[in-house]
Amino acid sequence: MAADRVLEIDRLGRKYPDVPRFIILKLDLLRRGARLTSRALDAVQNDEYRFGPMLIFFKNGGSKKTDRSNPGSMLLRDGTTAPVSFEEYFEDPYRVDYTSGKFILYDGRVRVDEVDFTPRPKYYGHLTTSGIPMESIASARAQRLIICAYRHCHLWDTGDQCKYCAFFTDLKASRPAFDTPLRRGVDPEDIYETVREVLKEPGRISEIYLTAGMDYRGEHFFDEEVERYIRILQAIGRNFKGRFSSQIMAPAYSKAQLTRLYRETGLTSYCPNIEVWDERLFGWICPGKNKWPGRKEWIKRTLDAVDIFGKGNVYTQVVAGVELARPHGFKTVDAALRSNLEACEFFAKRGVIFLSTVWRMNPASALAGQKNPPLEYIIRLSKGLYDIRKAYGLSSDNDDYKHCGNHADADLERID
Amino acid sequence: MGHNKRTAVLTAGIVSLLKDKSAIKVAGTLNADGSPYIAANDSLSTLDGQTLILSEALEKSVSNRNLVRGIWFDKPVSFHVARGDEAYYIQAKVYRCLIAGKLFEQMLLRKRAEEGADADISLVWEFIPVSVEEVSAKVLRKEQEARHPYFDRHLDRASIRTANN
């Protein structure tokens with residue numbers, strides 16, 4: 001079986017010769033996850049590699065705390081970031097072992113390649129003045145600092161959360177791991193101090209990324225959330241002389257809200273994710289977004305954002321594969337592909353970068369128990385999205401392999 | 001991912017040359033259409049005496065894009081390193097691209113030590129040498145003359161003709 005699977009990667013590599021095998025491997029890693037052997041896990045329990053506390057999540061949605069740490073995102077030899085999940089619930093994960101001072105990736109018993117992990121940032125282990133662990137405020141990928149500005153999604157309050165989503169279901173388990181209370185909101189001053197500390201490490205970060213659960217409260221939808229982001233971005237901005245490379249992944253704000261965000265802060269890029277393009281499936285999979293503010297308005301606001309942030313600085317993405325989910329999803333990958341490529345063309349024509357990320361079925365989500373998307377489908381999708389964006393002269397600079405790593409279609413831009 | 005593990009030994013002389021900032025260092029890569037591209041890169045060095053390493057200043061330089069193509073599609077790279085009468089030609093495989101970590105930071109700090117605190121690098125590449133040839137003018141002439149003694153010897157040269165001609 002394992003040997004067949006590597007051969008499947010080789011077979012698809014031959015079938016799609018202009019898609020590098022590193023990218024095909026990344027896509028498969030994102031689908032299938034990876035598990036570290038005991039030796040490999042031992043080798044990351046040090047200041048070079050250990051990231052957050054290791055929580056084990058099981059197929060039944062349960063979790064347990066451990067006294068060990070997981071490493072950060074996997075790095076392939078070509079510099080590709082693969083934000084691989086190391087959770088227990090993957091049925092057929094890759095395996096990472098540690099031998100002769102190197103991390104080696106295996107598919108079953110077959111050696112695939114040498115890999116590495118994103119180094120542990122030096123600000124980890126530091127506390128803010130108010131005593132908050134900085135790693136609870138911000139995490140890091142290869143060159144991106146990820147700040148979670150609000151640890152609650154109000155779509156869960158009414159059961160309107162996106163059906164693939166399990167954000168914040170691990171918050172309770174995370175609390176004892178950090179040995180400090182994790183509040184929903186984060187004090188902007190703590191974020192300011194964390195960024196200031198991050199910048200002491202030479203060459204570690206080249207973009208700051210903000211995300212959070214959706215908070216639609218306010219006189220107009222999202223007013224409270226926008227106020228929060230402005231306060232946080234202004235606090236972060238005290239570390240810089242002017243505008244700084246940054247992105248927020250956030251709901252679709254009104255033009256007035258976006259204008260304030262752009263004018264009152266140093267923000268450079270905005271990413272309201274559509275998640276699923278097909279109208280019928282959007283209503284089923286993203287019921288909350290279909291209410292706040294609704295699909296049509298979501299799209300309109302995404303396009304409006306180009307007037308403020310400029311062509312190529314507004315992004316949106318789909319969770320590739322979720323459009324195939326049972327029982328209402330597309331019946332064939334060709335239909336799913338047509339839908340996503342149509343969406344990419346629609347947005348690209350209007351200066352918006354449309355990206356894909358790979359759906360990883362999470363047992364705490366409403367779509368638990370479903371199958372991951374086929375590898376060949378996401379290879380075709382990645383190549384198709386890349387080709388369309390290239391034709392429109394778009395370059396995913398804020399979501400490239402250094403800054404994000406979720407998007408294989410953006411990785412393909414490295415040789416352009 | 002198909003990289004060739006065959007390596008060539010870097011002698012002490014080449015290591016010394018690679019570590020000399022005043023040496024001439026040129027990297028040769030292949031463009032998408034197969035045509036050659038060369039660029040000077042004085043960051044080329046070796047840290048462990050076995051592999052080669054260099055930093056690229058720009059993500060979108062021709063060299064950097066060609067190196068990405070090199071590791072993705074198994075295209076060779078070559079280097080020319082020279083100082084005075086010494087010169088070497090090194091063929092290599094692109095082994096690894098580093099965008100974070102100890103080596104990345106080391107190369108960045110080296111650049112900043114040379115060019116000031118605002119200097120920057122985009123990424124760092126590691127290479128496995130697969131062949132090394134000495135290509136100094138003296139060695140090349142000696143090799144050629146051993147096999148082709150009458151090439152490149154115009155008869156009007158002082159070392160060939162007699163003084164009374």
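In what follows, every chain begins at residue 1, and chains take the letters A, B, ... in the order their sequences are listed. Worth knowing before you read on, the calculation uses all heavy atoms, side chains too, and leaves out hydrogens, waters and symmetry mates.
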So does A:K241 have more than 12 non-hydrogen atoms from other groups sitting under 6.0 Å from NZ? no
Donor-acceptor pair, A:K402 side chain versus B:S122 backbone, under 3.5 Å? yes
So for B:I99, is it side chain, backbone, both, or neither that comes closer than 4.5 Å to the heavy atoms of chain A? both
Near B:L109 CG, under 6.0 Å, is it more than 12 heavy atoms from other residues, nucleotides or ligands? yes
What's the separation between atom CZ in A:R414 and atom CZ in B:R69, rounded to the nearest 0.5 Å? 11.5 Å
If you count the non-hydrogen atoms of other residues, nucleotides and ligands that lie under 6.0 Å from CG in A:N46, is the total more than 12? yes
Indicate the atoms forming the closest heavy-atom contact of A:I23 with B:W72, along with that distance. CD1-CZ2, 4.1 Å
Does any backbone or side-chain atom of A:D400 lie under 4.5 Å from a heavy atom of chain B? Answer side chain, backbone, both or neither. neither
Closest non-hydrogen contact found for B:A100 with A:A142 is CB-O, 3.7 Å
When you look at B:V68 and A:Y401, which way does the side-chain contact (heavy atoms from CB on, under 4.5 Å) test go after all the steps? CA-CA 12 Å; B:V68 176; A:Y401 73 107; over 6 Å; no
Do you know the tightest heavy-atom contact between A:P17 and B:F73? O-CE2, 3.3 Å
Around B:L47, counting heavy atoms of other residues, nucleotides and ligands shown, do more than 12 lie under 6.0 Å from its CG? yes
Under 4.5 Å from any heavy atom of chain B, what part of A:D411 do you find: side chain, backbone, both or neither? backbone
Give, as side chain, backbone, both or neither, the part of A:S206 having an atom under 4.5 angstrom from any heavy atom of chain B. neither
Side chain, backbone, both or neither: which part of B:S61 has a heavy atom under 4.5 Å from chain A? neither
Would you say B:R157 has more than 12 foreign heavy atoms packed within less than 6.0 Å of its CZ? yes
What do you reckon, is NE2 of B:H148 surrounded by more than 12 foreign heavy atoms closer than 6.0 Å? yes
